[in-house]
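None of these values were measured; they are calculated from a predicted model.
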Amino acid sequence: EVDLEERLCELDLRSDSDIPDVPPPTDSTPEILKRALSGLSARWKNWWIRGILTLAMISGFFLIIYLGSFMLMLLVLSIQVKCYHEIITIGYRVYHSYDLPWFRSLSWYFLLCVNYFFYGETVADYFATFVQRREQLQFLIRYHRFISFALYLTGFCMFVLSLVKKHYRLQFYMFAWTHVTLLITVTQSHLVIQNLFEGMIWFLVPISSVICNDITAYIFGFFFGRTPLIKLSPKKTWEGFIGGFFSTVVFGFIFSYFLAQHQYFVCPVEYNSETNRFVTECEPSELFQMKKYSLPPLLQAVLGWETVNMYPFQMHSFALSTFASLIGPFGGFFASGFKRAFKIKDFADTIPGHGGIMDRFDCQYLMATFVHVYITSFIRGPNPSKLLKQLLILQPEQQLSVYKTLKSHLVEKGILQPSLRG
Amino acid sequence: LQESESETRLDGETASDSESKSEFGGSSPVPTSDDTPEVLNRALSNLSSRWKNWWVRGILTLAMITFFFIIIYLGPMVLMTIVMCVQIKCFHEIITIGYNVYHSYDLPWFRTLSWYFLLCVNYFFYGETVTDYFFTLVQREEPLRILSKYHRFISFALYLTGFCMFVLSLVKKHYRLQFYMFGWTHVTLLIVVTQSHLIIHNLFEGMIWFIVPISCVICNDIMAYMFGFFFGRTPLIKLSPKKTWEGFIGGFFSTVLFGLLLSYVMSGYRCFTCPVEFNNDTNSFTVDCEPSELFQLQEYNIPVVLQSVVGWKTVRMYPFQIHSIALSTFASLIGPFGGFFASGFKRAFKIKDFANTIPGHGGIMDRFDCQYLMATFVNVYIASFIRGPNPSKLIQQFLTLRPDQQLHIFNTLKAHLVDRGILGSLEDA
């Protein structure tokens, strides 16, 4: 016990090769599959398991899309909680710190606080009408930041009070580990939900592009792979990378074409306070209305057409697919490096043949942030309902002066007729 | 001196191995180098080492306080620059500790990457601030306008570049170290840069929101030390054996009193109470305005209990002084947890001080450890209780919306104003 701290110090400072490997994870494949595949060799058996689980996950994905926005949000939340749990568990194992006082409770408490903060902000924006009607919620919304900060501070003070003499370093490590994990998992999940509210297409196309890139890069690598891409992941090849890039762009293009036709995918998700449900109904914005584009002369010669009918969104899908193929893999390399650093093969054993949830979502990290930044920079301006909420909080004199400024601006632009009253 | 410690380490042996497990974990047998200027050394050469230390600390404390006043006098621009410098120095101190702990001077790229991330995060935060407060200036200059319009995208792209460079820099035997340093850098950025950014926000609200909180924390530090010195008996927390309950409670009451008095004095001057604004014509900062309600004297009825004690029925106070009670209370009760956190951190990594920058006091971080939570608290306090959103920022956002959205918002606002009777339904006020 006394030597634990010293041993860990030495552990930290030696190079990675001195640290023994974690024993391989247990096989969690269901019995059914095992019996069905008992005839095949180990290599093909593994391939079949991966294939079946891939199909199972994709079907699950389609099912949930069909079930609607609310189920999707719940799914995102569950995935976030599971990812957090996986990373924290790794931290515990690495530091043998199951018996640190309070630490598990504190980690989950911080997860709760940060989620409360983020979801409180979202709820206030999107459920404005629902919230206006209820007094208690009004109070919570108005002082939301203060309440969130107070909750976080409580956790911080509990951490300080829980510092135990021989375990300071471990406890600080776990504190930092928790915070970095929160930064990665909770902010991403929150951004994914914000993208979802913009329209399900902004949720589906990025995620599908990343999955498609994963699968096609693997297939291209399997058949044509020769030149290794990066030392971190020896199985990746340049052929896979480039093949994956082109296939993903084409896939994104075609997939967007199909999705852009349905209001269900294209419209911002709104909460209807009368029916107490989410609705996706609207006039499709310009992005989702067919336009004629003139092909550049180069492509004209190749394809034989002069113009093509496309949705403007498909141009944006280029950007999304390109990011998914070129930069998304860096998220995967980061996770690979992380696994090598801590000598683990997979994040967990949740999905047979694939590893943990984090193993499936490692390339998605950067994608969600990119899509969110892309939307706020290039697609839409600030959120109108959030703006309205802030306007209504202002002092009466400020509201009046803002009203006058807005009115003069609208009149100037001809959006409002100057002679109308009321 | 910590650098030479690391260089003389034998293989497998660390600095921590040679230390005893005494209660004050930072008991490295090698004393920190003496940074005291020669002048002071000679002047104090007669005194015993304990009194000498006390005098050095005292003189440096006075020097820092004087410096603080000079900077306040010089104005907001200088203050912002100083906050920026303090932030960079704190970041440097913490990163250096990380390097020392992990002996990772020779990791490829890592120093460059840490400073690069600092630059990115600062660019992001200061870009947002500049866009908000210097709106008209930004709109006039074409390059600035584009930078501000796509600010988030540019910041994200810069950050991603750093992220990809990190992934490409991973070296086979050092993965763990590199991930540690990556995590260390990010947590440090989270602590140091966000705090400094929030301090600047508070500063723009009015210099009084910058000066009163910082002074309360400093006062609490000094008062708690004095009360502890003279009356201290019951230890407060195992982490910091020198702190006592007497010091804690005495510091609390003195800080509240100090806050009340300081706020009273400062509320009378416009240069402290007015929001800092950037004047586009003169291209400088101005603090000129009609003082808000918070800074106008009002009569308050003293509760009956205090009336008999104090002998007055009513008292004239600034409403801000009531807020100062909240600020001082936070500075005295919760602020010290920032200090305990830093103490725990120093014990965890077996260091006595963050650095040797200030003779007698240690590093910049040692002085600013209690301020961390204070800046965030003041910012959240202002946003929740004092002012609402910034009207000019709202107008800016409004102007970027689509016409149908603008019309919708305008009509809703109008209906709301008519509803509240602020706007007559038939006439435009």
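With a 4.5 Å cut-off on non-hydrogen atoms, Tyr159(B) does not touch chain A at all. Proximity to chain A is limited to the side chain of Phe182(B), based on heavy atoms less than 4.5 angstrom apart. Proximity to chain B (any heavy atom under 4.5 Å) is shown, for Ser336(A), by neither the backbone nor the side chain. Proximity to chain A is absent for every atom of Ser155(B), based on heavy atoms less than 4.5 angstrom apart.
A donor-acceptor pair under 3.5 Å is absent between the side-chain atoms of Trp184(B) and the main chain of Ala176(A), judged by distance alone. Put simply, the side chain of Gln171(A) never gets that close to the backbone of Ala348(B): no donor and acceptor are under 3.5 Å apart.
Residues Phe340(B) and Leu236(B) have side chains in contact (heavy-atom distance under 4.5 Å, counting atoms from C-beta outward). Using a 4.5 Å cut-off on side-chain heavy atoms (C-beta onward), Arg340(A) and Leu170(B) make no contact. Counting heavy atoms from C-beta on, the side chains of Leu182(A) and Phe110(A) come closer than 4.5 Å.
Taking Ile230(A), Leu366(A), Ile327(A), Val180(A) one by one and counting their heavy-atom pairs under 4.5 Å with chain B, the maximum is reached by Leu366(A). Between chain B and the residues Phe149(A), Phe338(A), Phe370(A), Phe334(A), the most heavy-atom pairs under 4.5 angstrom are made by Phe334(A). Ranked by non-hydrogen atom pairs under 4.5 Å with chain B, the options Tyr143(A), Phe159(A), Phe172(A) are led by Phe172(A).
Centroid-to-centroid, the aromatic rings of His144(A) and Phe117(A) come within less than 6.0 Å.
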